[in-house]
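Structure provided below as structure tokens; questions to follow.
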Amino acid sequence: MTVADAAPPRSASAVLSGTTLRFLSLVAAILGTGTYAFSVMYMRLPGKASAGMFVYARCGELLRRSGLDLSLDPGVLAASERDRAEASRCLAPFEQDEAWWILAGLALLLALALGLYLAAPWWTRRRARLVPVTAENFPRLYAGLLDLTAEMGLRRLPRFMLDPAAGTPGGLAFGRTGRYWVRINAGLVPLRITDPATFRAVVLHELAHLRNRDVDIAYAATALWRAFVVVALLPMTVAILHPWIITDPARAPWAAPDYLPDTLDTGLRTAMFVLIVYLVRNSVLRARELHADARAAQHGAADGLRRVMTTAARDTAVSWRRRFGVHPAAAARLHAIDHPRTTLRPGFGELFGAGLTTMIATGSLSRMAGFALPTTAPRPAAIWPGWWHRS
């Protein structure tokens, strides 16, 4: 390990950059995929599909005439622009109605995600029946945790909680902006005496999540995924498999025209989009673990972390779940411990995912913006064609 590899980053924001980029990719993927999902559901609402076919048939001639001609004749361009504006006015009522439906769906998805994010700390404490760790009931344990918190350089002291039913030597940093907790498993407490290096490594790893400011990102990513599944994915799946569920639940789904081709086409698109969202969500959670390992190693926990990771590497084979799941493989974590600087370098997968999700979001949202804000008047012929002609 070189000195450059071992040197700590200059700021917490540098450590956070990789996790933040992945989280922004997740937001873009959910917005883009959510727009597609709500558009699919909209066309399954009573009368919407037939209304859309009628509107596009009525406005079809204007749409065909609005295609720009290769000619640079100002008169041809002006006529095409007038046809385009007329077609936009013709389609506006139907497309604006769809845009409002999509916006309402996205607002519901984000509202549910916010609610899940805010409720996550309460649910974590209630589900495990956590016991507060204070100077009165656990004086030695509390004093040791205070020392590690000061060593990590946290400005605000988190609330430590003990999980009496958890026998594994682990922990968990959780909470939301302004209020954070660190759960200490009961199985970790004896290691403070029998294996202090491992105890120190596990606690510093959890405190590193707070120092890196990635707890909010992790729980926001989880909340967004769950809200997406409930509000967008499940209803869209039902709408794809049973297009008559709203209008006529007793009618056989395969009675719909072109049921099989439409189901396969829409289903494959949906599966691709959902897979992208799922993989990006997992990459957010994996990245934060690597950054926490790197931060804890810089505070003297490298030996303890290596011991934990080496044991995990013997017990768990590197499979697709380790490569694409929510926890990184032991080999990747060992590399982050030995070379913390490498966690700050964006890889090919990270950049490819950012570009792909941005493309999905841009395409879907620009289409929706076109629905909500259609062109309602032609460009002034005296300005645009004349400028084009002069150039």
Take atom CZ of R127 as the centre, draw a 6.0 Å sphere, and report whether it contains more than 12 heavy atoms from other residues, nucleotides or ligands.
-> yes
Tightest non-hydrogen contact, residues N185 and A166, listed as CG-CB, 3.5 Å
Following the transitive rule for hydrophobic clusters with a side-chain heavy-atom cut-off under 4.5 Å over Ile, Leu, Val, Met, Phe, Trp and Tyr, establish whether V229 and L114 coincide in one cluster.
-> no
Working for side chain to side chain contact (heavy atoms under 4.5 Å, CB included), residues L148 and L207 | CA-CA 8 Å; L148 293 176; L207 294 174; 4.0 Å; yes
Could you state the interatomic distance from CH2 (W225) to CG (L285), rounded to the nearest 0.5 Å?
-> 11.5 Å
Proximity of Y259 and W254 rings by center, below 6.0 Å = no
Check: Y219 and L116 side chains under 4.5 Å, non-hydrogen atoms = no
Write down the atom of F199, the atom of L188, and the distance for their closest heavy-atom approach.
-> CD1-O, 3.5 Å
To the nearest 0.5 Å, what is the distance between OG1 (T35) and CG (L103)?
-> 8.0 Å
Does the side chain of T222 come within less than 4.5 Å of Y117's, by heavy atoms?
-> no
Can you tell which of Y278, Y36, F228 makes a ring pair (Phe, Tyr, Trp, His ring centres under 6.0 Å) with F273?
-> Y36
State, yes or no, whether a side-chain contact exists between P158 and T149 at a heavy-atom distance under 4.5 Å.
-> yes
For residues W101 and F38, establish whether the separation of their ring centroids is below 6.0 Å.
-> no
Short question: side chain of E206, backbone of V182 - any donor-acceptor pair under 3.5 Å?
-> no
Audit row: L110, L224, side chain to side chain contact (heavy atoms under 4.5 Å, CB included) steps and yes/no = CA-CA 7 Å; L110 295 176; L224 279 172; 4.0 Å; yes
For F23, which of L21, T20, V27 qualifies under side chain to side chain contact (heavy atoms under 4.5 Å, CB included)?
-> V27
How long is the gap from CD on E289 to CG on N212, to the nearest 0.5 Å?
-> 10.5 Å
Side-chain heavy-atom pair L305, R333 within 4.5 angstrom cut-off = no
In Å and rounded to the nearest 0.5 Å, what is the CG to CE distance from L234 to M236?
-> 9.5 Å
Any ion pair linking R129 and D163 (charged N to carboxylate O, less than 4.0 Å)?
-> no
If every non-hydrogen atom of R44 is compared with every non-hydrogen atom of A239, which pair is closest and at what distance?
-> NE-O, 3.4 Å
Is there a donor in the side chain of D214 and an acceptor in the side chain of H291, or the other way round, less than 3.5 Å apart?
-> no
Can you list the other members of the hydrophobic cluster that holds W244, where links are side-chain heavy atoms under 4.5 angstrom apart?
-> none
Hydrophobic cluster identity match, W123 and W181, side-chain contacts under 4.5 Å | no
Using 4.0 Å as the upper bound for N to carboxylate O, is an ion pair formed by D303 and R307?
-> no
Kindly indicate, with the supporting measurements, whether the criterion side chain to side chain contact (heavy atoms under 4.5 Å, CB included) is fulfilled by K48 and E98.
-> CA-CA 9 Å; K48 296 301 182 183; E98 180 178 358; over 6 Å; no
Joint cluster assignment, Y142 & I184, ILVMFWY side-chain distance < 4.5 Å | yes
Is it the case that more than 12 heavy atoms not belonging to M272 sit under 6.0 Å from its CE atom?
-> yes
So, D293 and R286, do they make that salt bridge, N to O below 4.0 Å?
-> no
Atom pair OG1/CD1 of T270 and I240 - distance to nearest 0.5 Å | 3.5 Å
Residue pair T177 / D216: nearest heavy atoms and the distance that separates them = N-OD1, 2.9 Å
Do the side chains of L204 and M309 join up, straight or via other hydrophobic residues, at under 4.5 Å, putting them in one cluster?
-> no
Side-chain heavy atoms of T134 within contact of N137, under 4.5 Å = yes
Over 12 non-hydrogen atoms of neighbours within 6.0 angstrom of CZ in R269 | no
Side-chain touch L334/R306, heavy atoms, less than 4.5 angstrom = yes
So do R295 and H209 actually touch side chain to side chain, heavy atoms under 4.5 Å?
-> no
Show your reasoning for whether side chain to side chain contact (heavy atoms under 4.5 Å, CB included) applies to R183 and F174.
-> CA-CA 8 Å; R183 186 194 74 197; F174 65 97; 4.0 Å; yes
About how many Å separate CG of L290 and NE2 of H327, when rounded to the nearest 0.5 Å?
-> 11.5 Å
Single-linkage hydrophobic cluster, 4.5 Å side-chain cutoff, L154 and V133 together | yes
Does Y180 reach the side chain of R156, with side-chain heavy atoms less than 4.5 Å apart?
-> no
Is a side-chain N or O of S50 found less than 3.5 angstrom from the main chain of G47, in a donor-acceptor match?
-> yes
Answer yes or no: is there a donor N or O on one side and an acceptor on the other, between the side chain of R211 and the main chain of M152, under 3.5 Å?
-> yes
Minimal heavy-atom distance between H242 and P249, with the atoms involved, is NE2-O, 3.4 Å
Over all atoms of both residues, closest heavy-atom pair of H205 and A292 = CE1-CB, 3.5 Å
Please say whether more than 12 non-hydrogen atoms of neighbouring residues, nucleotides or ligands are located less than 6.0 Å from CZ in R192.
-> yes
